[in-house]
Amino acid sequence: MTPVFALVDCNNFYVSCERLFNPSLKHVPIIVLSNNDGCVIARSQEAKSLGIEMAIPAFKIKQQIEQHSLRVFSSNYPLYGDISSRVMATLESLAPQVEIYSIDEAFLNLTGFNLLGSLEDYGQTIRQTIGQHVGMPVCVGLAPTKTLAKLANHAAKKYPATASVVDLTDPERQRKLMAITPVGEVWGVGRKNAEKLKRLGIKTVLQLAQMDKASARRQFSILMVKTIEELNGQVRFALDESPAAKKQLMCSRSFSKRLTEYVPLREAICEFAAQAAERLRSGGQVCGTINLFIRTGACEPDEKAYSGSATAKLPTPGSDTRTILKITTDLFDSLWKEGYRYAKAGVMLAELCDPNNVQLDLFSQPSARIDNDGLMSVIDKINQTGRGKIWFGGQRPKRDWFMKQAHLSPAYTTRWDDLPLVN
DNA sequence: TCTGGGGTCCTAGGACCC
DNA sequence: TCTGGGGTCCTAGGACCC
């Protein structure tokens with residue numbers, strides 16, 4: 001049976017989320033900024049047409065923002081996350097197998113799925129259903145492999161004549177599309193490898209599909225070979241419905257201003273460590289090691305630069321904020337150096353594992369293995385009803401180093417006070 | 001003044017073992 | 001003392017994704 005994968009990808013996802021509850025934003029140019037209002041991470045079609053580039057720092061386009069009355073938003077992840085889960089829930093009702101690939105896209109496995117009409121009709125059904133249930137515009141690409149489905153989706157976005165759905169199951173159609181698509185558009189071919197491929201004379205996707213696999217293995221990696229095979233219709237990347245457990249978890253931020261004093265930086269680091277620990281517990285995991293990094297700014301060349309990183313092992317894997325804070329602050333004391341202007345820091349929890357599957361220390365007492373006094377779960381429960389109700393001594397949530405969010409929209413769907421009103 | 005945050009996988013090279 | 005081959009494990013760095 002020929003495999004059929006669909007890739008459903010939301011159009012300008014963050015921008016579309018902002019528009020859902022604010023109709024005045026339709027048809028006007030909008031951009032959404034990264035954390036700290038740093039750079040552009042989403043653009044409406046109108047903003048793209050104005051030539052606003054992806055990932056450009058906001059300060060560089062100040063003039064364009066004023067000139068074209070661009071509407072600017074800070075990223076609002078509680079809102080985007082909630083809209084995302086609604087889109088995914090709708091998709092789960094439309095296909096037998098769904099792999100949530102990112103916040104705004106999902107692969108469906110439609111192999112052998114009994115469709116009433118054509119694949120293209122089903123793509124339109126998906127679009128209409130998500131439009132009706134959530135109000136989110138999406139594009140759908142259909143093909144025998146994930147890599148080709150990605151390509152089909154790209155075409156559905158790029159060419160209006162496709163009505164946002166492209167069925168790329170026909171080999172002749174695959175060839176035609178691959179011949180006019182630059183190689184850098186392929187899923188898995190990034191900027192570096194696209195440049196390298198071009199130097200080898202491979203400029204289109206079709207040329208990559210026809211590349212000699214042995215030569216691809218030599219000059220790139222096994223991933224490039226798999227990508228070539230996928231472009232030729234052979235499934236090398238299967239649908240993954242239940243992604244593997246996380247292996248590491250990070251909480252890091254740039255500060256809204258440089259930190260030069262010991263205490264505020266320590267508070268920030270404690271905050272990151274506590275947040276990371278909370279996420280660790282919410283995933284039902286424990287961690288074996290903790291890594292801390294602190295560093296100065298990268299974009300001020302005349303400033304004294306310092307970047308420090310250190311790792312420590314937990315005596316036994318755990319997820320207790322008290323333990324994690326203690327180790328993190330010890331690491332901080334080993335890294336801290338006076339006289340620098342710190343711009344960013346982060347805490348990474350690694351060697352994550354299932355608490356029931358922990359490799360025991362020969363000499364550890366069972367009671368010391370897992371945080372079992374119940375304190376953490378009580379704190380988590382309380383904090384679930386509103387962030388930052390309870391915190392530990394070293395933390396100072398929402399201090400002035402906290403990220404800049406000058407253009408934040410309301411949390412329409414996740415905070416009672418922000419519910420939109422209908423008059 | 002101002003350039004995100006959070007992940008995964010692959011490879012090369014070194015240490016160490018037999 | 002020198003040399004060879006084969007293997008594992010770990011780490012750092014790089015590339016990719018969104």
Side-chain angles (χ1 to χ4, degrees), chain A residues 7-10 12-14 31-42 53-63 65 72-77 80-81 84 99-107 146-147 150 153-154 183-197 216-227 236-237 240 243-258 272 275-276 279-280 283 288-289 291 293 295-303 307 309 311 313 341 343-352 402-407:
Chain A
L7 177 64
V8 181
D9 192 324
C10 301
N12 315 324
F13 181 62
Y14 296 168
I31 54 174
V32 177
L33 304 179
S34 64
N35 280 343
N36 265 319
D37 293 345
C39 51
V40 174
I41 52 168
E53 285 168 58
M54 189 65 168
I56 193 167
F59 73 91
K60 283 193 182 170
I61 54 166
K62 229 176 156 180
Q63 203 210 329
I65 290 175
V72 179
F73 290 88
S74 307
S75 6
N76 185 344
Y77 287 105
Y80 309 154
S84 173
E99 174 187 340
I100 298 171
Y101 179 67
S102 75
I103 194 167
D104 74 332
E105 61 190 295
F107 288 103
K146 283 175 155 185
T147 304
K150 271 270 191 185
N153 193 287
H154 172 254
V183 73
E185 299 294 343
V186 174
W187 185 43
V189 177
R191 198 170 47 86
K192 293 272 182 187
N193 282 343
E195 281 167 22
K196 193 168 164 188
L197 284 165
R217 181 68 188 86
R218 267 199 316 277
Q219 303 185 64
F220 299 89
S221 75
I222 190 74
L223 284 177
M224 190 63 84
V225 177
K226 287 189 182 177
T227 296
R236 291 293 177 265
F237 304 121
D240 191 0
K246 261 201 191 76
K247 294 176 178 171
Q248 56 184 43
L249 180 162
M250 179 144 79
C251 184
S252 75
R253 288 282 179 288
S254 301
F255 307 123
S256 57
K257 58 172 200 176
R258 296 286 190 266
F272 299 158
Q275 276 186 33
R279 274 165 50 202
L280 182 67
T289 63
N291 174 270
F293 75 84
R295 68 162 177 255
T296 55
C299 42
E300 285 154 60
D302 21 306
E303 226 176 273
S307 170
S309 158
T311 304
K313 227 175 162 58
R341 303 179 69 235
K344 185 173 181 175
V347 173
M348 193 198 311
L349 307 182
E351 291 179 25
L352 305 195
F402 195 75
M403 64 184 175
K404 200 153 69 179
Q405 290 184 308
H407 312 278

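A, B, ... follow the sequence lines: proteins, then strands. Residue 1 opens every chain. Predicted model, so just to flag it, every value in this text is computed and none were measured.
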Working to the nearest 0.5 Å, report the span between [atom1] of [X] and [atom2] of [Y].
X: A:Met54; Y: A:Cys39; atom1: CE; atom2: SG; answer: 8.5 Å
X: A:Ile41; Y: A:Ser34; atom1: CD1; atom2: OG; answer: 5.5 Å
X: A:Lys150; Y: A:Thr147; atom1: NZ; atom2: OG1; answer: 9.5 Å
X: A:Arg236; Y: A:Leu223; atom1: CZ; atom2: CG; answer: 13.0 Å
X: A:Lys344; Y: A:Thr296; atom1: NZ; atom2: OG1; answer: 12.5 Å
X: A:Arg341; Y: A:Phe255; atom1: CZ; atom2: CZ; answer: 13.0 Å

**Study point:** Nearest-nucleotide comparison on DNA chain B, the residue closer to the 5′ end among A:Phe220 and A:Lys60
**Key:**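 This one resolves to A:Lys60.
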
Practice item. By nearest nucleotide on DNA chain B, pick out whichever of A:Lys246 and A:Lys226 is the more 5' one. Key: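 Counting from the 5' end, the first nearest nucleotide belongs to A:Lys246.
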
Contact class for [X] vs. all strands (heavy atom < 4.0 Å): base, sugar-phosphate, or nothing?
X: A:Asp104; answer: sugar-phosphate
X: A:Glu105; answer: sugar-phosphate
X: A:Ile222; answer: sugar-phosphate
X: A:Leu249; answer: sugar-phosphate
X: A:Val32; answer: nothing
X: A:Lys196; answer: nothing
X: A:Arg217; answer: sugar-phosphate

Practice item. Check the angle between the aromatic planes of A:Phe13 and A:Tyr80 and answer parallel, tilted or perpendicular using the 30° and 60° thresholds. Key: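 The arrangement is perpendicular - the two ring planes meet at more than 60°.
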
Review point. Does one side chain, of A:Asn35 or A:Ser254, offer a donor that lies under 3.5 Å from an acceptor on the other?
Key: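 Side chains of A:Asn35 and A:Ser254: no pair found under 3.5 Å.
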
**Study point:** Base-pair map of DNA chain B as dot-bracket, where | denotes pairing with a different strand and pairs are Watson-Crick or G-U under 3.5 Å
**Key:** ....||||||||||||||

**Study point:** Range on DNA chain C touched by chain A, heavy atoms, distance below 4.0 Å
**Key:**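 Endpoints of the contacted stretch of DNA chain C: C:dA15 to C:dC18.
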
Check your understanding: On the ring face of A:Phe237, is A:Lys146 found with NZ or CZ under 6.0 Å from the centre and within 45° of the axis?
Key ->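 Geometry flag: not set, cation outside 6.0 Å or 45°.
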
